[in-house]
Amino acid sequence: MAPTSFRILKTLAVGAASGLVLAACGGGNQSSSLASDQTLNFPILSDFGTLDPAVSDSETDQEIQQNMFDGLVKFDENLNIVSDLATAVPQPSADGLTYVFHLRQDVTFSNGDKLTSKDVLYSWNRAAAYQGSYATNLSAIVGYERVSGNKASGAALEALLEKNDPSVTMTGLTAPDPYTVQVSLSAPAGWFLTAISLAGATGEIVDVNAVKQDPDNWWTKPATAIGTGPFKMVDYTPKQVVDFAAVDNWWGSPRPTLKKVHVDISVNNASTAIAKYEQGGYDIYGYGGYSNLPVADILRIKGTSNESGQLVLHPKVRTTWVTFNVHSDNSRVAKGPFTMDQGQSAHDLRLAFALAVDKKKLVDTVCQGIVCVQATGGLISPTLQGYAGDNTDPLAKFDPAKAKQLLQSADPTGSKTKGLQYAYDPENALNKASAEFLQSQWQDNLGVHVDLLPVSHSQFIKARLSGHYVISRDGWQADYNHPQDWYDNLWGKIVGCPDSGCSSGYDSPEYDQLLAKADSEPLDQAKSDYAKLAQMLIDNVLYIPLYYSVGGFLIKPYVKGAGTNSFFDHYWNEIQILSH
Amino acid sequence: MATPATIVASQPIAPEQASLWSDAWRKLRRNRLALAGAIYLTFVVAVALTALVYTPYPMAKVGVGIPYTGPSPEHLLGVDTIGRDVLSRLMVGAQVSLLVGVGTQLVVLAIGVPIGLGAGYFRGWFDQVMTFVINLFYGVPNLLVALILVFLLGPSLTNIIVAIASTGWMDMARLVRGQTLSLRERDFIEASRASGARPAKILFGHVLPNALGPIIVQATFGVPAAILFEAFMSFLGLGVPPPMPSWGSMAADGIVAIRIAAYMVVAPALALSLTLMAFNFVGDGLRDALDPRQRR
Amino acid sequence: MFTRGTLIYIGQRLVLITLAVLGVSSLVFVGVHRLPGDALFSEHLHGTQYELTLHHYGLDRPLWQQYVTFLWNMLHGDLGESLVNRGVPITPIVAREMSVSAEVGMVALIVTVGLGMSFGVIAALRQNTWIDYVLSTTSVIGYSMPNFVIATFLILVFGVWLENVTQGNFFYQIGWPGRYGSIGAIWLPAFALGFPSASIVARMTRASMLEILQQDFIRTARAKGLPTATITIRHALRNALIPVVTVLGPLAMAIITGGVVVENIFGIPGLGKEFATSILNRDYNVVIGVFTGYAALVGLTNLGVDLLYVVIDPRIRY
């Protein structure tokens, strides 16, 4: 009768209602837990130098650029090379000299211009002509030599590029059709694909229509800061704030969930920014290249139960070491007792200085063992190709007795080690602390007094690279995962040793030959050759290994997809804000 | 019989015109704040001198204690961010502060006094030029000028003293000039001139001794100003170069850790404030004591 | 009030300020260009990029040529381009930062005069009572402590020790929201900045109030039966204001100077912070720009103070 059917109706109604609810919540289960305001807020502690891929060279610039621009190929989160603007990662020809890239046909710039192969040629020629810090990523291409001699810039360069002037056109770069790019190398280079995958660097493609409107400053204004990436600049107040918005109907994947990215540039102090993060002013901290968190804040956060879960520590591919000047000639100002022409006694002296430092204690004191870890596996950082393995580096040992013995035999009167100065750049607190620690170690364990010479950063780098310092702080942050990045840029003729662009002055025919061989081979064949190069550095005691850097990030629990691999932050188009 | 007249007569006659200095000394002695300040300053000087021969730990030695540890029996004021003993650094910092403070004022006196005397006495073009230069220096905040000077010359104790002094001599010069201007009209100066004394003798023999009071007061106030200045500069990273500790740079280093190790900032900040206060008290006392208007 | 004479005076002062600004900039220009090292060099640099960049900034030309271009641009209000942040023109940044520093400075000045005079008046009216002693001691402490100590102390108290009470809202105030600061962001730095000066004003006000309160005309007013409040405000205060106004110039300078440190502590995007950052980064063009901004700020502040005399004391005419 009525009650029964009523009950049935009620049950059906409730069932239907709950079914609707379930469908709403459960069906698109991600979409209902996403916040309605998909804006990511994070700070960078200083304004970027430039966003022009042809000339940028700092981590901050690149962390931002990687979301605005794309290259033909890129690194995925696991640092494998995958295709980006190209349809597939090309295999080189049998002789290793030719690569053919097929471009996707659905790519558009954020202003609607379609991407064609002439954009690739334009971008790479321009990057080579500008001779920025990473122009050498393209140096394997035929014709690079000539273009690298270019002296024009700005509007003048644009004019030359427009008419395909030979002085700024690499002959090895051709476009047989609008969606194919053919690259001819002058010699086989196993590192070529790796180099052009580097985010925010010379491999990335820019829009000639945008650049030529303002050749010098096109990237400073939203109207001309055009790329193929998932995000575009919509507002920029220098030193205050920069805003990005997701590009509608972006061609790539995953499509961005974030609608806006708000980057605050006004706070210059890490502790202040972290405090603001803790009070909800930011969603992440550490993005944009600012992952060197102050130790005090890390210690404090680790002690706070609800926050310590938000702290992510991840090794960075940066190593710091001490370099000796090992070459002496008229153009190198520094001489010193460590130069190789002084034979065995100089070798023993270098070894003495290396073994006299308790590197474990240094790391514990200076970094609390948190923001850096002892470098025991050679100079190439862990997780990279070419890392020798934990505890394999004999120069990382601490042996004060042997050190003293070596010193006695190499410098019995103490005259050679008189008046030594250790040069360093004090802007980074770790450099300063390490310098003072090293000084006290050499004093205590060797009885040698070394003065400290703080020199401001850019001056320091310039002076060190031109051979002004007998013993100094040195370091390198990997650009990409290939040993070539290290061995080509730190020692040997390629980078300019012994006289310019070279901290230690080290160069030898054996090194150059072996390096040339290794560079031309594909990586799996080259590994053993690169390992031999590492052994050369060890046998000659060219360095004292100190530490590998560890980066820290603070990520709110409602931010999904944020994080880092050793090189770069996760891309913004992988991030989602959950409702909170 | 105690008549009003006898009472008046039996009062002692007012003391003879005592000299300005003994008068001042008496007044100063009775000023408790100034006395406290002076005692404290003597203590600071003692600490600074002690630090020349003894500190609990070598002030530059890294890793003598676990970083970020608070005050304990081994480290009375705790350990700083890279494991150095705070107390030892505080003691050596006293040397820096005193050297900068007193050193700057000596330079200021050496420059400002002669210039002020010359400008005030000779007038004429020298005065015009000096006044112009002084006004020019007032055009920019002195901190910036000092910072840029240190930046150009390189950070070292002498350069800092030079930089701070070069922004402070104008006040001294103006003061001395003013004093000279008013003194030169006085009779005894006239007399001296009439008797053929040379300008140098007049200036240094007659004018200067009479202007000494305000000059000393100015210099005494100048010391804490210079110390404060140096603290500012160290705070901004352009002060005394490491490993020399300055109270200002210790405070700057410590601020980063303020939420877990407040003592790192509190110790140097307190040392600074107390020293500055002490100098100000003494300066106040001196000014009151030397003020001829405030008789007894 | 603003007579023709005053206007002419203002005009003359503006010309002098412009000359001073040019002079200061030139000195700084010559100074920094003799320095070794610059912001353009970096670890990765190879090839001709360094020379190309130098050329872009015109730094490879002879110094006198650079100076002429520099002066010419300055007269057009163009302070050049930042060396560190390529493509960023300096003039709008300096202008914006000047307004921020001026804003904080003004609030600090209000704190100085307002708080200082209140303390001084109250101390004078309650002379020799415990209120007087407390206020006077506070004043001495106030002008003896460096402003960064005061700032640190306030951060310590409100941000660290009282974190539970303030719910950490306190730290949120560090940094600057938008173009103009909010009360929440300004009150603390302005207080730290102004407190030392306020202490000086308090002492002066107290001393001059005491002096005035003993004068005959006050006694007459009291005898007439006027209430103390009227006496205080109408008669005594106005006269006590005068010595304060005479030191307003140096006090304003102290605030501008102190602003350099306070801005750095609180992360306020003003000239002071820019100065510290650009010096450490070796961004010389910005250093020159900041000095120019300061010279202008100082000149205008002094002019403002001088004009204030005209408003306050009608006897003064230029």
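Throughout, a chain's letter reflects where its sequence line sits, starting with A, and its residues are numbered from 1. Just so you know, these numbers come straight off a predicted model, no measurement behind them.
- A salt bridge does not link Glu97(C) to Lys239(A): none of the charged nitrogens lies less than 4.0 Å from a carboxylate oxygen.
- Closest approach of Pro238(A) and Arg96(C) over heavy atoms only: O-NH2, 3.1 Å.
- Heavy atoms of Asp47(A) lying under 4.5 Å from chain C belong to its backbone as well as its side chain.
- Heavy-atom distances place no part of Trp218(A) under 4.5 Å from chain C, backbone and side chain included.
- In this structure, chain C has a heavy atom under 4.5 Å from the backbone of Ala152(A), while its side chain stays farther away.
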Note to self: Tyr236(A) vs Val88(C), test: side chain to side chain contact (heavy atoms under 4.5 Å, CB included). Steps then yes/no.
What the structure shows: CA-CA 10 Å; Tyr236(A) 175 42; Val88(C) 167; 3.6 Å; yes
